[in-house]
Amino acid sequence: MSGLAILGTGRCLPSRCVTNQELSRMVDTSDEWIAARTGIRQRYLSTPEETLTGQAAQAARLAMERAGVTPDQIGLVVAGTFTPDHASPSLACEVHGELGLDSTTPAFDVNAACTGFLTALETARCFLESSSLEGKIALVIGAEQVSRVLNMEDRSTCVLFGDGAGAALVRLSPDHPYTCRLGCRGSAEILRVGGLASPDHWVRMDGKAVFRFATTTVPQALEDLAAQAGTTLDQVDWVVCHQANGRIIDHVIKKLGADPARFYKNIHRYANTSSASIILALDEMAREGLLQPGQKVACVGFGAGLTWGATLLTW
Ligand code: ACO
């Protein structure tokens, strides 16, 4: 299997930042409750004028600028999302149109809920191995407007999520070892979002069951990932967990007996942005100069499905 290099990243957040205090004027909650249970302090929520396509395309443009990549070099667009602007065409197709990509460049979405970005990344890597995409670069997006499926009267869910879009440009590279593991439990019972066949399109969640799933699956996935890559977690420079809840990340650190300083957290700023959370974190870390060439970065996601995924990247 070839390695995978990340050439550049970008992100775009909605214009409206909503703090816990503001939320507590709309629904019966408080900054203390939200911060203590989750670590969240604020989130960005899209206005009706802000489309997910516009946000994802803006993230992609930034990634292209930083990577020095031109539209003709992009041979594939894969977007991880479950909240595209339209059920069809896909978000990836709409971004393709916004960027004016070539008509020989395929574009499609993958829906793996909060594991969306890692699933899109692995899908892109597999496609880049095919002869028709030899030498090409893939645009991989993780983007959500979770606010579209939030019941703002349900305090047990509406305080947990936010919107955001991130993008990465990637190409095969033998100098950038890459390992990935993906899985799914095949269950809609403890976490789901309505859909075309359902009149109820809100997020429904058994929070305690999701907590248990995450705190058992994530440590195991990280250990198995390291073993598959022929390394140990001690040798990994950074761990980027899907930002669903700061307490989940704390439990994972404790279970692994790991160094908390190597686990990146930004949930206080963005809440849970589902497919976008890992690429938002990677882009933020890159901008802050935390990621250095050659560093090993383990990313781990989990979400409705119940899906999970773990990826070891070489920055
Ligand atoms: N503000 C104030 N009180 C609240 C709120 C709120 N926003 N939401 C619930 N409560 C109340 C409940 O009504 C309940 O009150 P009661 O005891 O009088 O009945 C009390 O707080 C405790 O509610 P629980 O649901 O038991 O709270 P819990 O300690 O389980 O915390 C939470 C809830 C934060 C959702 C937790 O279960 C959790 O973190 N689960 C993980 C799920 C998660 O992170 N999901 C993210 C999306 S899924 C994904 O990304 C994969």
Side-chain angles (χ1 to χ4, degrees), residues 18-43 45 80-83 111-119 142-164 166 182-194 202-219 221 240-255 265-268 270-281 299-310:
V18 179
T19 62
N20 289 349
Q21 282 90 349
E22 271 178 87
L23 210 54
S24 67
R25 290 196 282 276
M26 300 179 224
V27 60
D28 180 16
T29 189
S30 66
D31 177 45
E32 293 70 35
W33 193 96
I34 301 169
R37 303 280 170 131
T38 68
I40 297 165
R41 290 283 183 184
Q42 61 177 41
R43 73 283 297 136
L45 301 179
T81 188
F82 72 96
T83 54
N111 175 349
C114 307
T115 317
F117 179 73
L118 296 184
T119 307
E144 304 284 5
Q145 286 194 3
V146 189
S147 58
R148 289 180 162 152
V149 291
L150 285 182
N151 178 354
M152 293 311 281
E153 290 174 9
D154 176 7
R155 68 178 182 172
S156 70
T157 52
C158 75
V159 303
L160 302 174
F161 296 89
D163 300 341
L182 298 173
C184 171
R185 279 210 190 159
S187 161
E189 273 158 39
I190 68 170
L191 178 56
R192 68 170 179 273
V193 185
W202 309 128
V203 170
R204 299 263 176 204
M205 179 182 76
D206 174 345
K208 285 188 167 52
V210 176
F211 202 101
R212 277 194 299 277
F213 166 69
T215 50
T216 50
T217 305
V218 171
V240 179
C241 291
H242 164 51
Q243 308 282 310
N245 184 324
R247 279 171 55 226
I248 290 178
I249 300 174
D250 293 341
H251 268 70
V252 169
I253 294 169
K254 205 166 155 200
K255 258 195 178 168
K265 273 194 207 168
N266 63 8
I267 187 159
H268 52 292
Y270 308 116
N272 178 350
T273 57
S274 189
S275 283
S277 85
I278 289 175
I279 181 61
L280 284 181
C299 303
V300 58
F302 54 93
L306 293 164
T307 60
W308 62 268

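Just so you know, these numbers come straight off a predicted model, no measurement behind them. For the numbers below, each heavy atom of this structure counts, side chains included, while hydrogens, waters and symmetry mates do not. Ligands are counted one by one from 1 in listed order, and the atoms in each one are counted from 1 as well.
Counting only heavy atoms from C-beta outward, the side chains of Leu118 and Cys299 approach each other to under 4.5 Å. Within the 4.5 Å cutoff, side-chain heavy atoms of Phe211 are placed close to those of Asn245. At a threshold of 4.5 Å between non-hydrogen side-chain atoms, the residues Arg148 and Asp163 do not count as touching. Contact check for Asn272 versus His242: side-chain heavy atoms found under the 4.5 Å cut-off. Taking 4.5 Å as the limit, some side-chain heavy atom of Val203 sits within range of a side-chain heavy atom of Leu150.
At a heavy-atom cutoff of 4.0 Å, ligand 1 is contacted by the side chain of Leu191 but not by its backbone. Under 4.0 angstrom from ligand 1, the non-hydrogen atoms of Trp33 all belong to its side chain. Residue-level proximity to ligand 1 for Arg247 is absent, since no heavy atom of it falls below 4.0 angstrom. Under 4.0 Å from ligand 1, the heavy atoms of Asn272 that appear belong solely to its side chain.
Residue Arg43 comes nearest to Val159 through the heavy atom pair NH2-O, 2.9 Å, listed as atom of the first residue, atom of the second, then distance. Taking both residues in full, the closest heavy atoms of Ala214 and Phe302 are given as CB-CE1, 3.5 Å, listed atom of the first, atom of the second, then distance.
Looking at atom 14 (C) of ligand 1, its nearest protein heavy atom turns out to be Arg155 NH2, 4.7 Å. When hydrogens are left out, the protein atom nearest atom 40 (N) of ligand 1 is Gly207 O, 2.8 Å; that is the closest non-hydrogen contact.
Using modelled atom types, one side-chain atom of Thr307 and one backbone atom of Ala112 make a donor-acceptor pair closer than 3.5 Å. A donor-acceptor contact shorter than 3.5 Å is absent between the side chain of Arg41 and the backbone of His268.
Where the criterion is an N or O separation shorter than 3.5 Å, residue side chain and backbone included, Phe161 fails it with respect to ligand 1. Considering both main-chain and side-chain atoms, Thr29 comes within under 3.5 Å of ligand 1 through a nitrogen or oxygen pair.
Shown in contact with Cys114 at under 4.0 Å from a heavy atom are these atoms of ligand 1, numbered in order with element: 49 (C), 50 (O), 51 (C). Every atom of ligand 1 with a heavy atom of Ser156 under 4.0 Å away is listed here by number and element: 8 (N). Close contacts of ligand 1 with Phe302, meaning ligand atoms under 4.0 Å from a residue heavy atom, involve 51 (C). Contact atoms of ligand 1 toward Asn245: 34 (C), 38 (C), 39 (O), 44 (O) (distance under 4.0 Å to a heavy atom of the residue).
Salt-bridge formation is detected for the pair Asp250/Lys265: a Lys NZ or Arg NE/NH1/NH2 atom is positioned less than 4.0 Å from an Asp or Glu carboxylate oxygen.
Shown here, atom 51 (C) of ligand 1 is in close reach of the protein: a heavy atom of it lies under 4.0 Å off. Protein heavy atoms are found less than 4.0 angstrom from atom 38 (C) of ligand 1. Proximity of atom 17 (O) of ligand 1 to the protein is not indicated, since no non-hydrogen protein atom lies closer than 4.0 angstrom.
In this structure, of Arg37, Met205, Lys208, Glu32, the residue bringing a heavy atom nearest to atom 45 (N) of ligand 1 is Met205. Compare Ala214, Ser277, Ala244 by their heavy atoms: the one nearest to atom 44 (O) of ligand 1 is in Ala244.
Side-chain contact check for Ser275 and Glu144: at least one donor-acceptor pair (N or O, by modelled atom type) lies under 3.5 Å.
At least one heavy atom of Val159 sits closer than 4.0 Å to an atom of ligand 1.
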